[in-house]
Amino acid sequence: MQNIYIKDLSQHIGEEITLTGWLYNKRSSGKIKFIILRDGTGLLQCVYFKGNVTPEVFELADRLGQESSIEVKGKVKAEPRAVGGYELDATDLHVISEAHDYPITPKDHGVEFLMDNRHLWLRSSRQVAIMRIRHRIVKAIRDFFDNRGFTLMDPPILTPAACEGTSTLFETEYFDLGKAYLTQSGQLYAEAGAMALGKVYTFGPTFRAEKSKTRRHLTEFWMVEPEVAFNDLNDNMDLAEEFLEYIVQTVLKDKQEELKVLERDTTKLENVKKPLPRISYDEAVEILKKNGIDFQWGNDFGGTDETVISNQFDRPVMVHRYPAEVKAFYMKRDPQNEKLALAVDVLAPEGYGEIIGGSQREDSLELLQARIKEHNLPQSAFEWYLDLRRFGSVPHSGFGLGLERTVSWICGLDHLREAIPFARMIYRNTP
RNA sequence: UCCGCGAUAGCUCAAUGGUGGAGCAUUCGGCUGUUAACCGAAGGGUUGCAGGUUCGAGCCCUGCUCGCGGAGCCA
């Protein structure tokens, strides 16, 4: 069976066609009934006149509840009064599965109710638009790296120890080998990949058992992490800004319809082109002080600090050279100032916060061993990682980009839970 | 873990300490161009749970449960 989809109706004007989908909404006015069909690609108003169809079909059109799955038949015509600009002069209607009392009505609902019904909420226009944009972003990410000679290399999800030693991890029993943990980052494995393949990226789910309870946190989220041998911090920033430009401009080019559904003001997204501003941590601290924020040098930025800093710019801003103490053990120190790490965070505009975190990695065996000791990490778990420095160590850099934060920013969402099909949060692991 | 807010019909919300209501959804009736259609009618309640104050508690007090927002931490 050759399916015809609502998005392709312009090629079928005047034809008698059959469409399948779900009953999105209906209205009636005596001898005329309007059924809005939803098929995942758009909405189509189907008009049933009492005189044009059998009494059985007319009665069926009256009886069917929201989200009944149906097959409609009729002639396509352009109709400016109808949603989507087209309309079906319906001649027939078949029910595939009758539905009644669909919980999500075309009225307001609360967040808790919608999240309890997430499996059904995904059918709404807004959620469909978000999922399509998420998919386009994922594809843009893959295209970007694939077209630049990167190799996708999947890291393990079950790991024997923490990658960064700071976050709280989900724990599980692993047969006779003791405890295993769900990964919080594929980065250390990406470094092994970069030494093998030159340019690699990982892309997969990561897990944090932190009891974070904000609109910017999920316990399970997707992260893409490129890692490049022989790249220094500046090369890393070059890559990050080119990457962000490509993602945003691709979505702007291909997903205008969806952005319109979301009522996203895209003027600020259009600015996302290189070069992105690059400021040092010290300069960022100056910005905070000028804005009357009592900030102590040496701390990491909080959510409101990030918003104040990013509000100074019309596009994402890169903040580099953070105090080493607030950053992970594997980051290389700045040769100009041992207190600083060669790290870079990218802060998204409009209060969306950190979407990228990266650094040049420590490539000296002795220094890395010392850092592991300082951070009280078990060196035995990192012997394989230290081997990367024992056998042909080179300068290398990489970063991680949080997928849901990027989706949330580009879509203009007010909470990360809408940026992923089934959000996992501290107080929710269903549906 | 800490701070703040909340929980009333299937859903979204009203109700001065004094007989718990409306809109939507559902059911029935009306309407040949509706746009979250409209008009008329009906059904629908252990006011999150447990105690307390009071002649009387949805409302005041205490504890608990669940959720929302924020902080910390981070992408």
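Proteins get letters first, then strands, A, B, ... in listed order; numbering begins at 1 in each.
For the atom pair A/H12 NE2 and A/I17 CD1, the distance stands at 6.0 Å (nearest 0.5 Å).
Look at the P atom in both B/rA57 and B/rU47: the space between them is 12 Å, to the nearest Å. For the P atom pair drawn from B/rA22 and B/rG45, the interatomic distance equals 14 Å after rounding to whole Å. For B/rG44 and B/rC31, the P atoms lie 28 Å apart once the distance is rounded to whole Å. Atom C1' of B/rC24 sits at a distance of 23 Å from the matching atom of B/rG33, rounded to the whole Å. Between B/rG48 and B/rA15, the distance separating the two P atoms is 15 Å to the nearest Å. When the C1' atom is compared between B/rC2 and B/rG18, the two are found 41 Å apart, to the nearest whole Å. Atom name P, nucleotides B/rC3 and B/rU62: the rounded distance is 15 Å, in whole Å. Across the C1' atoms, B/rC61 and B/rU53 are found 7 Å apart, a figure rounded to whole Å.
Looking at residues 418-431 of chain A, you'll see A/Y427 sit with a heavy atom under 4.0 Å from some atom of RNA chain B.
A/F49 comes within 4.0 angstrom of a nucleotide base, judged by non-hydrogen atoms across all strands. The residue A/I104 sits apart from the nucleic acid: no heavy atom pair falls under 4.0 Å. If you check every strand for non-hydrogen atoms under 4.0 Å, A/T214 touches a base. Heavy atoms of A/E220 sit nowhere under 4.0 angstrom from any nucleic acid atom. Here A/K50 lies out of heavy-atom contact (under 4.0 Å) with every strand. Base engagement by A/L416 is indicated by at least one non-hydrogen atom pair under 4.0 Å involving a base atom. Residue-level contact check: A/D108 touches the bases, meaning some heavy atom is under 4.0 Å from a base atom. A/Q45 comes within contact range of at least one nucleobase, with a heavy-atom separation under 4.0 Å. Heavy atoms of A/D345 sit nowhere under 4.0 angstrom from any nucleic acid atom. Residue contacts shown for A/R63 are absent, as no nucleic acid heavy atom lies under 4.0 Å away. Nucleic acid contact for A/S28: base, since at least one base atom lies under 4.0 Å from a heavy atom of the residue.
Between the side chains of A/R81 and A/Q45, not a single donor N or O lies within less than 3.5 Å of an accepting N or O. Judged purely by distance below 3.5 Å, without hydrogens or angles, the side chains of A/S125 and A/Y24 pair a donor atom with an acceptor atom.
Pair check for B/rA71 finds B/rU1; Watson-Crick or G-U wobble, both atom distances under 3.5 Å. With both pairing distances under 3.5 Å, B/rU32 is matched to nothing as a Watson-Crick or G-U wobble pair. B/rA41: Watson-Crick or G-U partner is B/rU27, with both key distances under 3.5 Å. Summarising the base pairing, B/rC49 is matched to B/rG63 through a Watson-Crick or G-U wobble pair whose two defining distances lie under 3.5 Å. As the counterpart of B/rA15, no nucleotide is assigned, since no Watson-Crick or G-U wobble pattern has both distances under 3.5 Å.
If you measure from atom CD of A/Q66 to atom P of B/rC24, you get 15 Å, rounded to the nearest angstrom. Rounded to whole angstrom, the span from the CG atom of A/L244 across to the P atom of B/rA75 amounts to 15 Å. Atom NZ in A/K26 sits roughly 11 Å away from atom C1' in B/rU26 (whole-Å rounding). Rounding to whole angstrom units, CG of residue A/D101 and P of B/rG44 are separated by 16 Å. For the pair A/K31 NZ and B/rU32 P, the computed distance is 4 Å after rounding to whole Å.
Within 3.5 Å, no donor on the side chain of A/E112 pairs with an acceptor on the base of B/rG6, nor the reverse. Residue side chain A/S212 reaches the base of B/rC73 through a donor-acceptor N/O pair under 3.5 Å, judged by distance alone. Under 3.5 Å, the side chain of A/H217 and the base of B/rC74 form at least one donor-acceptor pair of N or O atoms.
Residue A/H415 places no side-chain N or O under 4.0 Å from the OP1 or OP2 atom of B/rC68.
Each of B/rG69, B/rA75, B/rU12 was ranked by its minimum atom distance to the side chain of A/H109; first place goes to B/rU12.
Heavy-atom neighbours of A/E263 CD from other residues, nucleotides or ligands within 6.0 Å: at or below the threshold of 12. Counted within 6.0 Å of CD on A/Q256, heavy atoms from surrounding residues, nucleotides or ligands total more than 12; the atom is thus considered enclosed. By the 6.0 Å contact criterion, CD on A/E283 is enclosed, its count of non-hydrogen atoms from other residues, nucleotides or ligands being greater than 12.
For A/T105, the side-chain hydrogen bond (donor to acceptor under 3.5 Å, both in side chains) criterion is met by A/H109, not counting sequence neighbours.
Applying side-chain hydrogen bond (donor to acceptor under 3.5 Å, both in side chains) to A/E241 and the options A/R315, A/K274, A/R278 leaves one that passes, A/R278.
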